[in-house]
Number of protein chains: 2
Amino acid sequence: MPEANALFAAAAADARRRDAADVLAPLRERFVLPPGLVYLDGNSLGPLPADTPDRLQHALRSDWGQGLIRSWNDAGWIDLPVRIGDRIARLVGAAPGQVIAADSTSINLHKVLDAALSMRPGRGCIVSQAGNFPTDLYVAQGLVGRDADRVRLHTVDHTRLIEAIDEDTAVVMLTQVDYRTGERLDLRELTEAAHRRGALIVWDLAHSAGAFPVDLDGAGVDFAVGCGYKYLNGGPGAPAFLYVARRHQAAFAPCVSGWMGHASPFEFSPDYRPAGDIRRALVGTPPVLGLIALEAGVDTILAAEPLGGLPALRAKSLALTDLFIELAHTSCARFGLVSITPIDYDRRGSQVSFTLPDPAQAHAVVQALIADGVIGDFRAPNVLRFGFAPAYLRFADVVVAAGRLAEVLATGRWDQPRFLTRQAVT
Amino acid sequence: MPEANALFAAAAADARRRDAADVLAPLRERFVLPPGLVYLDGNSLGPLPADTPDRLQHALRSDWGQGLIRSWNDAGWIDLPVRIGDRIARLVGAAPGQVIAADSTSINLHKVLDAALSMRPGRGCIVSQAGNFPTDLYVAQGLVGRDADRVRLHTVDHTRLIEAIDEDTAVVMLTQVDYRTGERLDLRELTEAAHRRGALIVWDLAHSAGAFPVDLDGAGVDFAVGCGYKYLNGGPGAPAFLYVARRHQAAFAPCVSGWMGHASPFEFSPDYRPAGDIRRALVGTPPVLGLIALEAGVDTILAAEPLGGLPALRAKSLALTDLFIELAHTSCARFGLVSITPIDYDRRGSQVSFTLPDPAQAHAVVQALIADGVIGDFRAPNVLRFGFAPAYLRFADVVVAAGRLAEVLATGRWDQPRFLTRQAVT
């Protein structure tokens, strides 16, 4: 493949120049990245921040080990959900006091959907996009199962969402970036559409927060949830976050109530009285170790603020995904590889997804790439998914990844039993 | 106080003999305990296990840092909730496959109460003890608020529980050990009473699991929840656990549903289909870092198995609390200190609680003791609470604690502005 070699040699030279000129390049030092590996799965699990081990060791050996129970106050453990929530708020366009770090994305989504349904008592429909991430649909189905006489879930293709919102829509539940295709929805337009019909809206920012600017307050969003372990680098199963617009906080009353959401938890009153602020979204005791790791992860993205912040990260992400799409298209279209990620910037998240005609081949190609040190992932039925986290990826990584993808396809290296037989469980 | 000095001198000598003969003494080495401190608050936050920092460092630097997304399979992260659940099962008398580690105690209680209510559709009452731990009552109140036409919460003094259970009782929700008084309820008798009336029962084992033998299977319990950060030493805000008796698992269907409870989570099906086993109690992505710390904590108690296990821990706990009650009574009754913990072994948990007539004094005495290196805690209105975790406490610690309590009361040391003015928030 002399023409392919020439393509990648030129691309590599260009990538070196772009990396040398990249103002965000210093951020890469804030992560532990195994040498030689190109990690394109930060949209599934962000890598370990360099700070996290020391911060957790201090929390363990000093705060827990020596401070013991006193550290709830002395080390500020009790304030972690609010403190971290306010840091995440800076990444999603929220003024302080509206975001809190707690529980899992699924549990938080249950809380906000439940509260939203009770705030629109005359309406029974949850509208969502077909192909939404499964757990979001499962959360909604759980609420339907509880009250099937009133509540139903209506999923439609994302191109027909606006017309699907009507007078029976209590709440619109959308994930901004499609986990399979990487297509990004227009948060402002859909929020306005929901409000025009008198519905509330919940945004799942799993693939948004930390990847590009989000303007929750500016768009008038009602509720949002998001994930701590993708672009926020909080570690496997990190606590998630939720956003409740200040104007809704007094009415926010999910039926999941626990002592940390009480106005005065240490009064030990027998009667639940919700906190007057975002803390009413808390339930049980905060997961301190997970929160400390999450805070270290969030700080890796906040570290971009003096370097241009999320707009700069977004610009780099688009440049990285542009380059990957271009190189893959040029070198791999002849093998049937098709990009399903929008080329339009407004509709693109921070990942690139391709399909191959044969599902077994698509899976085997991803496995062969992993064996070759390029970690992406496979999503059924036939999607090859590559996440581009701009905080730590280099243009040179994009060239390596595209080159290996071309090589795997051109050489038929994927067509080996060990790649074809592996289970698709990651 | 020559007579008090003689009392404590004799007790100290006796304690040295008992510690030297204690077969459980080697367990103490499994914990990090600050030198000179007597820690009697393991019922609020267990101390740091010596193994935990290294286990977490390995999980961070190797599994997360190097393995990245692959560690969900390669490091067994995905199995942690079941694997740890099965270890906890050994501590609460449950056969494998019935306990899972997940979420918080409050969230887990919500799940089991919600499922129990739906399993008794013709009944509307949740019966609980007055003075149950607040979050348990708040969880129930959340479910009442959701469906007030049907569901109500009825709390009665624990001495009148059996007569309070009737044909309208859907579920009896009890905490086995009262967090204030340390009184322990008869798990078997109350479970039978609930079943006689056709009700289900949920036990909160927050102050039981890891402290003494519990026989969930043997007593025919339906559901249980418990805390990871007290006697299981899992760290601040550790994941909690829940137990669903195998006979109920097929019917167990809380409305909180998420992808980790799906029969096949990585199939990414749009329709929720619960797992056929205890995994259906999972919701979101497992909190890996917290689970690894929890596992290290659970292992500190499992390490007692070759030394006599929970029966030996229970015997030592009773001996420790006996000694503390006796020394405190002998030396402090004249200051108005009264034990509110039952002297009857069958009705005693693993803590000792006292009252003083004046709430401000009770609070100040606890603060003065903490300043003197004896950490207990205060519970409103006037309770001094001391937990006795038999895995790491020595008889000598009991003598020191009782001696300092007597000294604080006898000298009036508590009567200083810095002790009297501190907020009671721990």
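Lettering follows sequence order; numbering is per chain, from 1.
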Report task. For the residue pair A:P239 and A:P287, establish whether any side-chain heavy-atom pair is separated by less than 4.5 Å. Result -> yes
Query - Backbone of B:P381 reached by a side-chain donor or acceptor of B:R180 within 3.5 Å - result: no
Requested in this report: Select one option (side chain, backbone, both, neither) describing which atoms of B:N132 are under 4.5 Å from chain A's heavy atoms.
Outcome: neither
Query raised in the report: Counting heavy-atom pairs under 4.5 Å to chain A, which of B:V283, B:L48, B:V144 comes out on top?
Result: B:L48
Query raised in the report: Any donor and acceptor pair, going by atom type alone, linking the side chain of A:S71 with main-chain N or O of A:D63 inside 3.5 Å?
Result: yes
**Report entry** B:R379 with B:D377: basic N within carboxylate O range, under 4.0 Å
**Finding:** yes
Query - When A:G261, A:A238, A:C255, A:S44 are compared by non-hydrogen pairs under 4.5 Å with chain B, the top option - result: A:C255
Query - A:R70 (side chain) donor-acceptor with B:I370 (main chain) under 3.5 angstrom - result: no
Query raised in the report: In terms of heavy-atom pairs under 4.5 Å with chain B, which of A:W77, A:Y272, A:W64 leads?
Result: A:W64
Query raised in the report: When only pairs under 4.5 Å are counted, which of B:P254, B:A130, B:G284, B:P265 shares the most heavy-atom pairs with chain A?
Result: B:G284
Report task. Flag the pair B:H262 / B:L282 as yes when at least one side-chain heavy-atom distance between them is below 4.5 Å, and no otherwise. Result -> no
Query - Among A:V288, A:L68, A:V139, A:L45, residue most engaged with chain B (heavy-atom pairs, under 4.5 Å) - result: A:L68
Report task. Under 4.5 Å, counting heavy-atom pairs only, tell me which of A:L60, A:D114, A:D147, A:V32 racks up the most with chain B. Result -> A:L60
Query - A:S353-A:T181 side chain donor-acceptor pair, cut-off 3.5 Å - result: no
Query raised in the report: What part of B:P286 lies closer than 4.5 angstrom to a heavy atom of chain A: side chain, backbone, both or neither?
Result: backbone
Report summary line: Honestly, the part of A:S104 sitting under 4.5 Å from a heavy atom of chain B is side chain
Report task. Just give me the residue among A:G67, A:S106, A:S118 that pairs up with chain B most often, heavy atom to heavy atom, under 4.5 Å. Result -> A:S106
Query raised in the report: Using a cut-off of under 4.5 Å for heavy-atom pairs, which of A:G235, A:G42, A:P53 has the most such pairs with chain B?
Result: A:P53
Query - chain A contact via B:L37 - which portion, at a heavy-atom distance below 4.5 Å - result: side chain
Query raised in the report: Pick from B:G290, B:A380, B:G145, B:S269: which one has the most heavy-atom pairs with chain A under 4.5 Å?
Result: B:S269
Report summary line: Bottom line for B:L289: the part with an atom under 4.5 Å from chain A's heavy atoms is both
**Report entry** Which portion of B:F31 sits near chain A, non-hydrogen atoms under 4.5 angstrom
**Finding:** neither
Query raised in the report: CZ of A:R279 to CG of A:D79: how many Å apart, nearest 0.5 Å?
Result: 9.0 Å
Query raised in the report: Distance from B:D41 atom CG to B:F386 atom CZ, nearest 0.5 Å?
Result: 9.5 Å
Requested in this report: Quick one: do B:Q129 and B:T175 satisfy side-chain contact (heavy atoms from CB on, under 4.5 Å)? Show the steps, please.
Outcome: CA-CA 8 Å; B:Q129 77 248 63; B:T175 299; 4.1 Å; yes
**Report entry** Which atoms of B:T105 approach chain A - backbone, side chain, both or neither, heavy atom under 4.5 Å
**Finding:** neither
Report task. Give, as side chain, backbone, both or neither, the part of B:L137 having an atom under 4.5 angstrom from any heavy atom of chain A. Result -> side chain
Requested in this report: Might you work through the side-chain contact (heavy atoms from CB on, under 4.5 Å) test for B:Y138 and A:V256, ending with a clear yes or no?
Outcome: CA-CA 9 Å; B:Y138 302 163; A:V256 189; over 6 Å; no
Query raised in the report: Contact part of B:I375 toward chain A, heavy-atom cut-off under 4.5 Å: side chain, backbone, both or neither?
Result: side chain
Query raised in the report: What part of A:D271 lies closer than 4.5 angstrom to a heavy atom of chain B: side chain, backbone, both or neither?
Result: both
Report task. Could you tell me how the ring of B:W259 sits relative to the ring of B:F268: parallel (under 30°), tilted (30 to 60°) or perpendicular (over 60°)? Result -> tilted
Query raised in the report: Quick one: does A:K111's side chain have a donor or acceptor within less than 3.5 Å of a partner on A:A281's backbone?
Result: yes
**Report entry** Under 4.5 Å from any heavy atom of chain A - which part of B:T285
**Finding:** both
Query - B:A293, part contacting chain A, at a heavy-atom distance under 4.5 Å - result: side chain
